Amino acid sequence: MGLDMHRHRPTLKQTNKAFKSKHATKSSLKDLAKGRVNKQQPKAAQNQTTASQLRANRKNAGKQAQIKKRQALLSATRLFSGVDSAPRIVAVVPLSEDVSSQMAAAALAESLDADTETCPAHGLWKLKADRFKTSIQFVNLPYRQFYAALDACKAADYVLFVLSPTVEVDQWGDLLLRALQTQGLPSVVVAVAPTASPDPKSRTGILRSLLSFMQYFVPSLGRVFDLALPADRINSLRALCEGRPAEVRWRESRAWLLAEDVRWDADVDAEADAKLDGRTGRLHVTGVLRGAPFSANRLVHLPGYGDFQVERVVSAPLPRAGKDTGASMEVEPALLAAPDADDVDSLVSTNVPDALENEQTWPTEEEMQGSKYHSAPDGDAAIPDAKKGTTPRRVKRVPKGWSEYQAAWIVEEEEEDEGDEQDGNTDADGSDVGMHDEAAAEAAAEEEEEEMEDLPETEMESSSRRSVAFQDFDMEEESRQLQEWRSRNRTEEEAEDATFPDELDTPKDVPARTRFQRFRGLRSFRTSPWDAYENLPRDYARIFQFEDFRRTERNVKRRTEAEGYGVEPGTRVTVTLRDVPEEAAKVDFSHPFVVFGLLQHEHKVSVLNFTVQRNTEYEEPVRSKDPLILCYGPRRLRTSPVYSQHTRGGGKGANNVHKFERWLRHGVTSVATTYGSVAFGNQPCALLRETDDPQAPDLVAMGSFMNTDTTRVIAKRIILTGHPFKVHKKTATVRYMFFNADDIAYFAPIQLHTKYGRTGHIRASLGTHGYFKAHFDGPINQMDTVCMSLYKRVYPKWPTLWKEIESSIDESDAMEE
């Protein structure tokens, strides 16, 4: 008989999955869903493969992309193929002193068995590459010509940098590469000059080092060619002849022309008028059009001379060789384009201010200066003022025969006057002492006059006078010491402004209500209203304002594309410009002469805002309104921009008020504001500072064009600080912010704040020395500082046209040229 054994509950009991019926009922599916609803896709049905996943469709999409790229390549290189094709413009830029552009161009020509005797040291040289069915136009640039290299790279399809295998790139070469990187580089080819290396085995390491250096400025660069090797010569030439030039964004919608020949004809009317500012005439520029179609109705820009109108565009084909005789045949030029009188752009760049619209009745400069000489009260002839820099010599009245040493001991007039006053007091007692006869007095005076003479006083050392030793330095030493003092002073000011931003001490000798009468207080810098059209300077009456700048830009580009007229790029033409000064025809072909076409309205002057950042390699302090050279697009201006804070995303805020920045600091994006001609598109900009070497300026900052917002208010802030002398909870007695009671009453409505975040107001003035009682929204610390923020709107200075060779350009009319 068996006994029942005790068993534990099984813990590893297997539970099989329930059977799922293929034909489930709706109720069972609803129970399983537990309220979840599957969202159906409207575009793609379930259990259906999308079209892009099919193998045939993927293959077709790849084929279409391949055809599209091939067509884009053919359209980009069609300009350079054919009998009358445009040459590929190659700017040859040497970066070392021991290499030359002529050396590199001749080495490339030797690989094609071409004649190199006609290759110039500087200037244009056209090479026909029959092997690659194209032609190349070299622009040989001299070493250490900064602005010539910038202009050549603006018009070039390729840039050939020539390096040395033995000499490193100096500071000037590094500056040029940074400036070209800011301006925008086309396709870049780097080659080492065909010079003998001290060790041929080390040439590979040199090429690798140079490639690493150049990739910092051109990250897409693949290799550095060695022009001493025949294979590398052919490969570098193939890169120039068969590649597709990279597009530079800012010149996509513009036409330009690299001049091959420049002629100037004087106007008959101009010669008859004999203008004082020089003769003007017609400038004939011959070259191949590049970029967008060229319209005769639009203005053109000559760097350094301004904007001009086009008179006509005439074809200038090259002579062709005859089929039978082989002699060259001249082709008659044909008129290709002429300006339309109804659609041509005007040269008016600024408005003429109407003085009658102003309410101010201030006197003019001529009225303030008055007449040439001051009128004499007695009706005699007016005595002219002394010449500037001259000082009349002091003359002493001494007895005859006295020396200069004896004359130095004569008592001054002030002491004599004191003695006379004492004598007069004693004589006024009523006694007869000191009373003389009039005749005797006149005789004594005549006798004394005969015994006296005039002796000019000279500077001499004596015990009663301090002598200062003066050392006259030469001009170089004086300039060096002045630059050292200025840099030291500006560096200290920048460091102090970084430590105590915008803080200013209230002057004691001038009332604060007079010193800061142009400033105002704001309750909130971001939201308080500020009328953008109040108290505007006279320069604002000269500029143009766009209602919607971005919309105008879109309309101009859309109209240009829709019209589609103009001379096609690749055509060799002669463009005739009217009213061009004679000095513009004095062309030095070591400096490329480039004509840039402008879009509609790009001649108008307005307020330009650029987003800029400091160059990390430049350490000198940069202050607002410092004179700089602004380079943007084809233009260069001598300007003094003002800097302001750049809001994130470029927004305007509630009131479009932005804080003025006294210094352009490292690592911070700021907005530079100045006057200038409008530029459409995302134009790069560079700020340069002139140095003793005109061809080696300092690259201060770089950036891009932002907008032409004339209502942007740049508010300069100053902070007046005071010390809490006595503190009782939320109330404090403040001193050292003002120094009289009238100033306290004038600034009482403005809100106060502290560095620890408290806000308050002035309650009452205490005494006559500038003490006042203030109440805050919280307890005040004795170590805190009481502040008052005041704001004033600032404006930039009117710019002038920058020229590499300075000339007498009137500042008021420089923008109209």
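What's counted below: heavy atoms across the whole structure, side chains too, no hydrogens, waters or symmetry copies. Just so it is clear, the structure is predicted and the values come from calculations on it, not from any experiment.
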- Can the ring centres of Phe680 and Trp250 be said to be less than 6.0 Å apart? no

- Query: Taking side chain as C-beta onward, heavy atoms only, is Val90 less than 4.5 Å from Val189?
  - Reply: no

- Task: Please assess Phe610 against Tyr632 for the test ring pair (Phe, Tyr, Trp, His ring centres under 6.0 Å), listing each intermediate value before the final yes or no.
- Result: CA-CA 10 Å; Phe610 298 88; Tyr632 69 103; 5.5 Å; yes

- Item | Electrostatic pair Arg635-Asp307, nearest N-O below 4.0 angstrom | yes

- Rounded to the nearest 0.5 Å, how far does CD of Glu690 lie from CG of Asp698? 10.5 Å

- Go through the side-chain N and O atoms of His122 and Asn140 and say whether any donor and acceptor fall under 3.5 Å apart. no

- Note on the structure: When rounded to the nearest 0.5 Å, the distance separating CD1 of Ile714 from NE2 of His658 is 8.5 Å

- Message: Treating Asp626 as the side-chain partner and Arg623 as the backbone partner, does any N or O pair qualify as donor plus acceptor under 3.5 Å?
- Response: yes

- Message: Between Glu260 and Lys126, does any NZ, NE, NH1 or NH2 come within less than 4.0 Å of an OD or OE carboxylate oxygen?
- Response: no

- Message: Within the 4.5 Å heavy-atom criterion, are Leu302 and Phe593 side-chain neighbours or not?
- Response: yes

- Task: Could you tell me whether the side chain of Leu112 reaches within less than 4.5 Å of the side chain of Asp130, counting heavy atoms only?
- Result: no

- dist Leu211:CG -> Leu163:CG (nearest 0.5 Å) comes out at 10.5 Å

- Query: Is Glu583 salt-bridged to Lys803, going by a charged N under 4.0 Å from an acidic O?
  - Reply: yes

- Will you find, in the side chains of Thr669 and Gln613, an N or O donor that is under 3.5 Å from an N or O acceptor? yes

- Task: Would you mind reporting whether His646 and Ser670 have side-chain heavy atoms less than 4.5 Å apart?
- Result: no

- Item | From CE (Met103) to SG (Cys119), nearest 0.5 Å | 11.0 Å

- Item | Exercise: do Trp663 and Ser624 side chains pair donor with acceptor under 3.5 Å | no

- Item | Ionic contact status for Glu252 with Lys557, cut-off 4.0 Å | no

- Output, in order, the C-alpha distance, side-chain angles, deciding distance and verdict of salt bridge (charged side-chain N to carboxylate O under 4.0 Å, His left out) for Glu242 and Lys133. CA-CA 9 Å; Glu242 294 185 351; Lys133 299 180 181 179; over 6 Å; no

- Item | Residue list, salt bridge (Lys or Arg N to Asp or Glu O under 4.0 Å) with Asp151, at least two apart or on another chain | Lys154, Arg636

- Does Thr286 have any side chain to side chain donor-acceptor pair (under 3.5 Å) partners at least two apart in sequence or in another chain, and if so, which? Thr574

- Task: Could you check if a side-chain atom of Ile206 sits within less than 4.5 angstrom of a side-chain atom of Val192, using non-hydrogen atoms only?
- Result: no

- Task: In plain terms, say whether Arg144 and Glu97 are close enough for a salt bridge, that is, a side-chain N and a carboxylate O under 4.0 Å apart.
- Result: no

- Message: Measuring centre to centre across the rings, with the benzene-like ring taken for any Trp, is Tyr675 within less than 6.0 Å of Trp798?
- Response: yes

- Task: Indicate whether the side chain of Arg662 and that of Tyr643 have a donor and an acceptor atom separated by less than 3.5 Å.
- Result: no

- Message: Give me each pair satisfying salt bridge (Lys or Arg N to Asp or Glu O under 4.0 Å) with a member in residues 157-172, each pair once, sequence neighbours excluded.
- Response: Asp157-Arg290

- Message: Please check this pair: side chain of Glu110 against backbone of Ala107, looking for a donor-acceptor N/O pair closer than 3.5 Å.
- Response: no

- Message: Check this for me: does any side-chain nitrogen of one of Asp226 and Arg233 sit under 4.0 Å from a carboxylate oxygen of the other?
- Response: no

